[in-house]
Amino acid sequence: MGRPIRFETGQFSGQTIRAELHEIQKADLGRKYARVDRRPLDPPPVVQLRLFEVFNEGTSQETERELRSYDDVEVLGLMCTVDLFPVFNENQRATRVARGPVTPSPNSQSLSPSRYQGARSYPYTYTSSDTSYNHIQSAHLPHSPTTNGSSAMHASGLPVSPPSYPHRPPPLVQAPPDVVHRVGDFVVTESSKVTQNLVGATFVQPWCVDYQGKKALLFVFSDLAVKIEGNFILRYRVFDIFSKPSPTANLPIQAECYGGTFRVYSTKEFPGLQASTELTKQLAMWGVRLNIRETERRRRRRGERSPSPQLLANGKRKYASPGSADGYNSSED
């Protein structure tokens, strides 16, 4: 993944292509999924796909160039899929792991160190909030000598101060064998994947739209929802179902990336929704089906009064409704 692939079938036949994925809009929050209400993540996650043609691969003259026009790319067959991983919350102590590169799962493709995509090393950092340190310290440091439970005495009869020992950090915990990502000091493992708790379209095709002054291929996950509460990240993977390195080869994953952390709330704890982002509004103008909000929509607390109804021209009243874009529905009396 992330390395150049020479294709023999599909739209890139005869070319060596390297792909990159970047999350350009992450979800911030969501409400726990309910059958009567999809409650998608907000704002909708958006991922950009960049494609580079590689020349003279494997030689000292190797170069690459991003495709000049994404309008010429056939989007039919290009797919991006997502996986869901839980991550730590504010009250959970981060997992300590030994220093070393990320070790991919045996079931995933190798992330060989290279100038295209390499594993990063994260040094271990001890935090004073680690509640297990006192226990570890008492278990590994020798005790001061005592006599019948009292402090040791010198021959002269004066008390002897206990010896001092250098600070010893807690022992490191070896990283699990299927680590695929890290969020700070917290390790994400392939076996912790909970994609079965995603609801909605987990496979999407790209949209070719204007982004930052030029055409771009964007994958938009507009109706993803999560069945459980907690903090999560998404993993995105892209592939072309019509392009293969050889007619008999397995379908290669061309690139992957991990998104930012978001939280899924219960209905009672859900704080409400912010106004739609500029990117979301821009995508809606290009025809992507998205929910657009011009203003912030916060959850009404118990005891809060509803806004006064608007008086229509025909003398009837229009009552407030949190389900409409402007805060009012069409019910009249």
Side-chain angles (χ1 to χ4, degrees), residues 1-2 19-35 37-51 70 73 75-87 108 180-181 183 188 190 192-212 215-241 251 253-265 270 273-293 297:
M1 288 177 286
E20 286 183 2
L21 275 180
H22 303 278
E23 185 183 58
I24 60 175
Q25 177 168 279
K26 80 175 190 73
D28 292 328
L29 76 172
R31 282 189 298 175
K32 182 180 176 181
Y33 167 80
R35 289 189 178 183
D37 186 1
R38 178 60 60 86
R39 307 179 182 189
L41 299 176
D42 187 78
V46 181
V47 184
Q48 181 183 10
L49 172 64
R50 300 181 66 187
L51 298 172
Y70 285 102
V73 176
V75 298
L76 182 63
L78 281 174
M79 302 292 293
C80 184
T81 182
V82 290
D83 289 307
L84 182 70
F85 294 87
V87 295
S108 63
V180 293
H181 186 62
V183 180
V188 179
E190 187 70 25
S192 69
K193 182 172 61 178
V194 290
T195 308
Q196 69 276 10
N197 288 298
L198 277 177
V199 180
T202 56
F203 288 81
V204 299
Q205 292 189 146
W207 291 78
C208 187
V209 301
D210 285 331
Y211 176 67
Q212 296 183 341
K215 292 292 185 180
L217 296 178
L218 303 183
F219 296 96
V220 184
F221 294 87
S222 58
D223 69 340
L224 278 184
V226 181
K227 297 179 181 179
I228 55 178
E229 301 171 34
N231 294 279
F232 304 92
I233 60 172
L234 294 172
R235 178 178 66 189
Y236 308 92
R237 285 179 165 181
V238 68
F239 54 90
D240 187 343
I241 61 176
L251 193 66
I253 298 172
Q254 295 178 238
E256 74 171 21
C257 75
Y258 289 82
T261 304
F262 61 90
R263 182 176 177 183
V264 177
Y265 294 84
F270 187 67
L273 300 171
Q274 299 292 324
S276 297
T277 65
E278 291 301 318
L279 178 58
T280 302
K281 295 176 183 178
Q282 180 184 355
L283 291 170
M285 292 178 61
W286 279 93
V288 184
R289 297 186 62 180
L290 294 166
N291 295 322
I292 300 298
R293 293 176 305 281
R297 187 184 303 167

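Source: prediction; values computed, not measured.
Put simply, the side chain of F219 reaches to within 4.5 Å of the side chain of L49, judged on heavy atoms. Between V264 and I228 there is no side-chain heavy-atom pair separated by less than 4.5 Å. Counting heavy atoms from C-beta on, the side chains of Y265 and L29 come closer than 4.5 Å. Here the side chains of I24 and L218 are in contact, with some heavy-atom distance below 4.5 Å. The shortest side-chain heavy-atom distance between V194 and P86 falls under the 4.5 Å cut-off. Q205 places none of its side-chain heavy atoms less than 4.5 Å from the side chain of L78. Side chains of F232 and N197 form no contact here, defined as non-hydrogen atoms less than 4.5 Å apart. Taking 4.5 Å as the limit, every side-chain heavy atom of K193 sits out of range of all side-chain heavy atoms of L84.
In this structure, CE in M79 is found 10.5 Å from CG in L251, a value given to the nearest 0.5 Å. Note that CZ of R263 is 6.0 Å distant from CG of N231, once rounded to the nearest 0.5 Å. The CG atom of L273 sits 5.0 Å away from atom CG of D42, with the distance rounded to the nearest 0.5 Å. Going from atom CG of L283 over to atom OH of Y211 covers 9.5 Å, rounded to the nearest 0.5 Å. Here the NE2-OG distance, from H181 to S192, works out to 11.0 Å after rounding to the nearest 0.5 Å. In this structure, CZ on F221 lies 4.0 Å from SG on C80, to the nearest 0.5 angstrom.
Checked by atom type and distance alone, the side chain of R293 pairs as donor or acceptor with a backbone atom of Q274 at under 3.5 Å. With E20 contributing its side chain and Q48 its backbone, the two residues share no donor-acceptor pair below 3.5 Å. Panel note: side chain T261, backbone I233; no donor-acceptor pair is recorded below 3.5 Å.
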### Task
Would you check, one step at a time, whether the test side chain to side chain contact (heavy atoms under 4.5 Å, CB included) holds for V226 with L198?
CA-CA 5 Å; V226 181; L198 277 177; 4.0 Å; yes

### Task
Could you go through the side chain to side chain contact (heavy atoms under 4.5 Å, CB included) check for V209 and Q282 one step at a time?
CA-CA 9 Å; V209 301; Q282 180 184 355; 5.5 Å; no

### Task
Go through V220 and V204 one step at a time and tell me if the side chain to side chain contact (heavy atoms under 4.5 Å, CB included) criterion holds.
CA-CA 7 Å; V220 184; V204 299; over 6 Å; no

### Task
Please test H22 against V47 for side chain to side chain contact (heavy atoms under 4.5 Å, CB included), starting from the C-alpha separation and ending with a verdict.
CA-CA 5 Å; H22 303 278; V47 184; 5.8 Å; no

### Task
Applying salt bridge (Lys or Arg N to Asp or Glu O under 4.0 Å), run through R289 and D223 and close with a yes or a no.
CA-CA 9 Å; R289 297 186 62 180; D223 69 340; over 6 Å; no

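By the neighbour-count criterion of 12 heavy atoms within 6.0 Å, atom CG of D28 is densely surrounded, having more than that number from other residues, nucleotides or ligands.
Contact record, P44 with S222: CB-CA, 4.1 Å, taken as the closest heavy-atom pair. A19 and L51 get closest at one heavy-atom pair: CB-CD2, 3.7 Å. Of all heavy-atom pairs between A255 and L21, the closest is O-CD1, 3.7 Å. Summarising the geometry of R50 relative to Y70, their closest heavy-atom pair is CA-OH, 3.3 Å, with the distance given to 0.1 Å. Across all their heavy atoms, A225 and P40 have their closest contact at CB-CA, 4.3 Å.
Side-chain contact annotation: Y236 with E256, donor-acceptor N/O pair under 3.5 Å absent.
Seen from the ring of Y33, R39 does not count as a face-on cation partner, given the 6.0 Å and 45° thresholds.
With respect to the salt-bridge test (charged N to carboxylate O, under 4.0 angstrom), the residues R235 and E23 do not qualify.
Ring geometry for Y258 versus F85: interplanar angle of 30 to 60°, hence tilted.
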